[in-house]
K.L.:
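One structure, as structure tokens, below. Some questions next.
A note on names: the letters A, B, ... follow the listed sequences, proteins ahead of strands, and every chain is numbered from 1.
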Amino acid sequence: MARAGRITTAHSSFETPIFMPVGTQGTVKSVHQHELKNDIDAPVILGNTYHLYLRPGTDVISEVGGLHKFMNWNRSILTDSGGYQVFSLSDNRKLTGEGASFRSHIDGSKHLFTPENVVDIQRIIGADIIMAFDECTPWPCDQSYASSSLDLTHHWLDRGWDHFRNSEPKYGYSQSFFPIVQGSIFPELRKISAEKIALLGAEGNAIGGLSVGEPVEDMYNMIEVVNVILPADKPRYLMGVGTPVNILESIERGVDMFDCVMPTRNGRNGMLFTSNGIINIRNRKWMKDFSPIDEPGHSIVDMQYSKAYLRHLIMAGELLGGQIATMHNLAFYLWLVREAFNQIMKDEFMPWKAKMVKELSMRL
RNA sequence: GGGGAGAUACCAAAGUGGCCAACUGGGGCAGACUGUAAAUCUGCUGUCGUACGACUUCGGAGGUUCGAAUCCUUCUCUCCCCA
């Protein structure tokens with residue numbers, strides 16, 4: 001069931017449901033922190049442990065006093081643990097009881113991530129929310145693989161959780177630790193995982209291993225299975241999701257936090273999400289459409305530039321094109337979750353959502 | 001006036017007797033993208049057809065050959081060098 005809430009960290013306080021732009025390498029690609037704050041008004045963004053550990057490295061981030069200072073971002077940061085890279089860079093890694101040994105995609109050098117040192121790295125980064133080190137299970141996978149993968153993730157979770165509680169923040173403000181439910185698309189496994197995680201009493205809980213290629217219905221089913229178990233008084237974070245429709249469907253099922261590369265990456269590739277539907281701005285039909293990118297518009301770019309101009313920029317490979325598209329998409333995503341909050345507060349979420357889902361999936 | 005090089009699809013450019021409806025790049029058209037190795041990747045791009053395929057193409061005209069973008073004749077045009 002859809003809920004509205006509030007999360008407060010050392011760096012910001014914000015209402016949920018919330019969408020968190022992905023800023024893997026200490027930047028939300030193509031937008032300034034200034035725009036992220038003043039135009040898009042994102043209260044929290046992501047960083048990535050794997051990428052920041054490899055480059056610029058923990059010595060740099062440690063010396064400057066954390067990622068907030070390094071990138072000049074004084075709102076919240078959540079760091080992914082590198083569990084997703086265990087999945088997406090799987091050709092370069094090996095999983096052991098100890099952790100994940102892997103080769104850098106940058107220079108081939110060998111490294112080992114353990115549930116403990118991944119917490120340490122996130123302490124150094126200074127993330128407001130630290131994610132547990134997990135294996136993001138690939139899809140498809142059979143139940144026996146999913147089961148042993150889950151055992152590994154749980155084993156890592158126990159160690160990471162212990163280490164988190166026995167270590168101190170480096171910069172004088174508190175950090176939270178979110179465990180991650182896995183179990184692929186098997187309800188029994190998801191249940192086991194959610195029950196284990198509910199018992200930890202963490203400040204928030206995440207659902208991982210979804211939107212990796214499985215049918216959306218499976219994803220929604222898993223969310224339902226898990227959310228009856230995860231504590232109702234703690235935020236629930238669905239990792240890596242998703243399309244605007246995915247987000248509304250998940251909010252309906254009791255999810256509070258989201259992140260996804262879609263608004264940024266797809267935006268750079270010419271895909272715009274609007275309240276009227278999805279636009280591929282590269283399509284010829286926009287060539288002479290001089291109407292605003294999106295009316296009424298949730299970002300300053302929406303009313304200031306036309307579809308035809310944005311199409312021209314993207315077609316010409318101009319950097320400003322990716323920038324405008326990203327700003328539009330992020331502002332739209334943030335508007336969407338803000339509006340979801342408003343509708344929940346008015347107790348009108350369900351009819352609003354039904355109407356939105358219809359429009360959001362249109363191809364314009 | 002003399003000498004030389006060349007004309008290939010939207011553009012550039014390979015191909016110099018059959019494996020050519022024609023390499024490759026660009027451009028164009030469309031698609032993909034879900035805790036970012038992505039401002040990336042994929043497909044199509046003569047006509048008709050879903051496809052097997054059929055048909056018309058390599059400056060124009062004619063010829064040689066079983067077979068020509070490729071060889072010959074001729075015409076037109078372009079570029080370079082010397083005067």
Side-chain angles (χ1 to χ4, degrees), chain A residues 19-31 44-52 54-55 77-93 102-108 118 122 127 129-139 153 178-182 206-216 219 237-247 249-250 255 257-273 278 280-287 310-311 313-327 329 333 363:
Chain A
F19 178 81
M20 307 177 283
V22 177
T24 306
Q25 308 203 65
T27 162
V28 175
K29 292 188 195 296
S30 89
V31 301
V44 49
I45 63 173
L46 256 68
N48 185 279
T49 303
Y50 169 88
H51 289 281
L52 293 169
L54 288 180
R55 186 167 54 192
I77 296 175
L78 177 153
T79 41
D80 183 36
S81 60
Y84 187 77
Q85 280 63 44
V86 168
F87 156 76
S88 67
L89 302 170
S90 59
D91 291 345
N92 294 330
R93 55 78 167 156
F102 61 91
R103 285 188 174 277
S104 159
H105 71 280
I106 299 166
D107 63 6
V118 160
Q122 292 178 94
I129 299 173
I130 289 174
M131 298 306 300
F133 191 52
D134 65 336
E135 182 191 5
C136 178
T137 323
W139 189 87
T153 287
F178 283 21
I180 304 170
V181 173
Q182 289 289 345
I207 306 167
L210 292 174
S211 68
V212 289
E214 79 286 356
V216 280
M219 174 167 86
Y237 164 31
L238 178 59
M239 306 185 74
V241 174
T243 66
V245 170
N246 290 160
I247 287 175
E249 294 290 352
S250 303
V255 176
M257 304 166 70
F258 302 88
D259 78 281
C260 190
V261 302
M262 266 198 168
T264 44
R265 180 195 287 166
N266 291 29
R268 292 194 305 281
N269 294 331
M271 188 171 184
L272 305 182
F273 299 94
I278 294 168
N280 182 346
I281 200 66
R282 298 191 333 253
N283 288 175
R284 188 177 194 87
K285 61 178 157 194
W286 308 115
M287 186 162 64
L310 179 56
R311 173 182 140 94
L313 293 179
I314 298 262
M315 294 304 277
E318 283 294 339
L319 300 184
L320 184 59
Q323 220 172 100
I324 290 172
T326 300
M327 285 182 67
N329 279 347
Y333 266 62
R363 293 272 177 162

K.L.:
Sub-3.5 Å donor-acceptor pair from the side chain of Asp259(A) to the main-chain atoms of Pro21(A), do we have one?
P.N.:
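Between the backbone of Pro21(A) and the side chain of Asp259(A) there is no qualifying donor-acceptor contact (under 3.5 Å).
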K.L.:
Select base, sugar-phosphate, or nothing to describe what Gly209(A) touches, counting heavy atoms under 4.0 Å on all strands.
P.N.:
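Base contact.
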K.L.:
Does the separation of the ring centres of Tyr50(A) and His105(A) fall below 6.0 angstrom?
P.N.:
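Ring centroids of Tyr50(A) and His105(A) are less than 6.0 Å from each other.
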K.L.:
Given the P atoms of U24(B) and G43(B), what is the spacing between them in whole Å?
P.N.:
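11 Å, rounded to whole Å.
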K.L.:
Do the side chain of Asp134(A) and the base of G35(B) come within less than 3.5 angstrom through a donor-acceptor pair of N or O atoms?
P.N.:
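Under the 3.5 Å cut-off, the side chain and the base do form a donor-acceptor pair.
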K.L.:
What's the gap between A54(B) and A21(B) when it is taken at their P atoms, as a whole Å value?
P.N.:
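Taking atom P in both A54(B) and A21(B), they lie 11 Å apart.
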K.L.:
Measure from the side-chain heavy atoms of Leu89(A) and tell me the nearest of G35(B), A37(B), A30(B).
P.N.:
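From the listed options, A37(B) comes nearest.
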K.L.:
Can you tell me how far P in C20(B) sits from the matching atom in U73(B), rounded to whole Å?
P.N.:
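Those two atoms are separated by 28 Å.
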K.L.:
Can you list, by residue number, the residues of residues 80-88 of chain A that have a non-hydrogen atom closer than 4.0 angstrom to RNA chain B?
P.N.:
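The stretch gives Asp80(A), Tyr84(A), Gln85(A), Ser88(A) as the residues lying under 4.0 Å from the strand, ordered by number.
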K.L.:
According to the Watson-Crick and G-U wobble definitions, with both distances under 3.5 Å, which nucleotide is paired to A83(B)?
P.N.:
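None - no nucleotide pairs with A83(B), as no candidate has both distances under 3.5 Å.
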K.L.:
If you restrict it to nitrogen or oxygen atoms, what contacts under 3.5 Å exist between nucleotides 40-43 of chain B and the protein, and what is each distance?
P.N.:
| from | atom 1 | to | atom 2 | distance (Å) |
| --- | --- | --- | --- | --- |
| U40(B) | N3 | Asn269(A) | OD1 | 3.4 |
| U40(B) | O4 | Asn269(A) | OD1 | 3.1 |

K.L.:
What nucleic acid atoms does Asn283(A) come within less than 4.0 Å of, heavy atoms only: base, sugar-phosphate, or nothing?
P.N.:
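Answer is sugar-phosphate: Asn283(A) comes under 4.0 Å of backbone atoms only.
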K.L.:
Main chain of Asn269(A), side chain of Arg282(A): is a donor-acceptor contact present, judged purely on distance under 3.5 Å?
P.N.:
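Between the backbone of Asn269(A) and the side chain of Arg282(A) there is a qualifying donor-acceptor contact (under 3.5 Å).
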K.L.:
Is there a Watson-Crick or G-U wobble partner for G62(B) with both distances under 3.5 Å, and if so, which one is it?
P.N.:
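Base-paired to C72(B).
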K.L.:
Using both distances under 3.5 Å as the test, list the Watson-Crick or G-U wobble partner of U42(B), or none.
P.N.:
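The answer is A30(B), by the H-bond criterion.
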K.L.:
Looking at every strand, decide which applies to Arg265(A) at a 4.0 Å heavy-atom threshold: base, sugar-phosphate, or nothing.
P.N.:
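Arg265(A): base contact, heavy atoms under 4.0 Å.
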K.L.:
Assign Ile180(A) to base, sugar-phosphate, or nothing according to its heavy-atom contacts below 4.0 angstrom with the strands shown.
P.N.:
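Base: the residue Ile180(A), judged by heavy atoms under 4.0 Å, touches a nucleobase.
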K.L.:
Are Thr153(A) and Gln182(A) close enough that a side-chain donor and a side-chain acceptor fall under 3.5 Å?
P.N.:
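No, Gln182(A) and Thr153(A) have no side-chain donor paired with an acceptor closer than 3.5 Å.
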K.L.:
For G25(B), what is the paired nucleotide under Watson-Crick or G-U wobble rules, both distances under 3.5 Å?
P.N.:
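In the structure as shown, G25(B) has C11(B) as its Watson-Crick or wobble partner.
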K.L.:
Using purine N1 to pyrimidine N3 plus N6-O4 or O6-N4 for Watson-Crick, or N1-O2 and O6-N3 for G-U wobble, both under 3.5 Å, which nucleotide pairs with A5(B)?
P.N.:
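Base-paired to U78(B).
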K.L.:
Base, sugar-phosphate, or nothing: which does Arg55(A) touch, judged by heavy atoms less than 4.0 Å apart?
P.N.:
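If one applies the 4.0 Å heavy-atom cut-off, Arg55(A) turns out to touch nothing in the nucleic acid.
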K.L.:
Contact class for Thr264(A) (heavy atom, under 4.0 Å): base, sugar-phosphate, or nothing?
P.N.:
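The residue Thr264(A) makes base contact.
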K.L.:
Tell me what Met20(A) touches on the nucleic acid: a base, only sugar-phosphate, or nothing, going by heavy atoms under 4.0 Å.
P.N.:
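Since no nucleic acid heavy atom lies under 4.0 Å of Met20(A), the category is nothing.
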K.L.:
Please classify the nucleic acid contact of Asn92(A) as base, sugar-phosphate, or nothing, using heavy-atom distances under 4.0 Å.
P.N.:
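Since a base atom lies under 4.0 Å of Asn92(A), the category is base.
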K.L.:
State which of U36(B), U34(B), G35(B) makes the closest approach to the side chain of Leu46(A).
P.N.:
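So the side chain of Leu46(A) is nearest to G35(B).
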K.L.:
Please confirm whether the backbone N or O of Asp80(A) pairs with a side-chain atom of Thr49(A), one donor and one acceptor, at under 3.5 Å?
P.N.:
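The answer is yes, because a donor-acceptor pair under 3.5 Å joins these two groups.
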K.L.:
Look at all strands and tell whether Gly242(A) reaches a base, only sugar-phosphate, or nothing, counting heavy atoms closer than 4.0 Å.
P.N.:
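The answer is base, as Gly242(A) lies within the cut-off (heavy atoms under 4.0 Å) of a base atom.
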K.L.:
Please report the distance, rounded to the nearest Å, between CG in Leu310(A) and P in A39(B).
P.N.:
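Checked: the CG to P distance equals 17 Å.
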K.L.:
Who is the Watson-Crick or G-U wobble partner of C20(B), with both distances under 3.5 Å?
P.N.:
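Pair assignment: C20(B) / none.
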K.L.:
So what does Asp259(A) touch, heavy atoms closer than 4.0 Å: a base, only the sugar-phosphate, or nothing?
P.N.:
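The residue Asp259(A) makes sugar-phosphate contact but no base contact.
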K.L.:
Base, sugar-phosphate or nothing for Asn280(A)? Non-hydrogen atoms, less than 4.0 Å.
P.N.:
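Since only primed, P, OP1 and OP2 atoms lie under 4.0 Å of Asn280(A), the category is sugar-phosphate.
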K.L.:
Suppose we define a pair by two distances each less than 3.5 Å, Watson-Crick or G-U wobble; what does U57(B) pair with here?
P.N.:
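Partner of U57(B): none.
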K.L.:
Taking the C1' atom in each of A5(B) and U57(B), what is the distance between them to the nearest angstrom?
P.N.:
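Result for the C1' pair: 25 Å, nearest Å.
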K.L.:
Rounding to an integer number of Å, can you tell me how far Arg363(A) CZ sits from G31(B) P?
P.N.:
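Distance, rounded to whole Å: 7 Å.
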K.L.:
Measure from CD1 on Ile207(A) to C1' on G35(B) and round the result to the nearest Å.
P.N.:
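My rounded result for the distance is 12 Å.
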K.L.:
Taking only the C1' atom of each, what is the distance from A14(B) to U8(B) in whole angstrom?
P.N.:
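The answer is 10 Å between these two C1' atoms.
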K.L.:
For nucleotides C29(B) and U16(B), find the distance between their P atoms and express it as a whole number of Å.
P.N.:
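It comes out at 34 Å once rounded to the nearest Å.
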K.L.:
I'd like to know if the side chain of Gln122(A) and the backbone of Met131(A) have a donor-acceptor N/O pair within less than 3.5 Å.
P.N.:
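Pair found, side chain donor or acceptor close to backbone of Met131(A).
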K.L.:
Quick one: does Met239(A)'s side chain get under 4.5 Å of Leu210(A)'s, heavy atoms only?
P.N.:
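The answer is no; the side chains never approach within 4.5 Å.
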K.L.:
What contact category does Ser30(A) fall into here, base, sugar-phosphate, or nothing, at under 4.0 angstrom with non-hydrogen atoms?
P.N.:
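No contact.
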K.L.:
Checking base pairs now: Watson-Crick or wobble, both atom distances under 3.5 Å. What partners U50(B)?
P.N.:
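Answer to the pairing question: none, since U50(B) forms no Watson-Crick or G-U pair.
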K.L.:
To the nearest Å, how far apart are Ile278(A) CD1 and U34(B) P?
P.N.:
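In whole Å, U34(B) P and Ile278(A) CD1 are 14 Å from each other.
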K.L.:
Are Asn246(A) and Ser211(A) close enough that some pair of their side-chain heavy atoms sits under 4.5 Å apart?
P.N.:
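A side-chain contact under 4.5 Å is absent here.
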K.L.:
Just call it for Arg93(A): base, sugar-phosphate, or nothing, with non-hydrogen atoms closer than 4.0 Å on any strand.
P.N.:
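Here Arg93(A) touches no strand at all.
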K.L.:
Under 4.0 Å between any heavy atoms, over every strand shown, what does Gln182(A) touch: base, sugar-phosphate, or nothing? Just pick one.
P.N.:
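Base, at least one base heavy atom under 4.0 Å.
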K.L.:
Check whether Trp139(A) reaches the backbone of Pro215(A) with its side chain - one donor and one acceptor, N or O, closer than 3.5 Å.
P.N.:
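Checked: no pair found.
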K.L.:
Could you tell me how far apart Arg311(A) (CZ) and G28(B) (P) are, to the nearest whole angstrom?
P.N.:
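After rounding, the gap between these two atoms is 8 Å.
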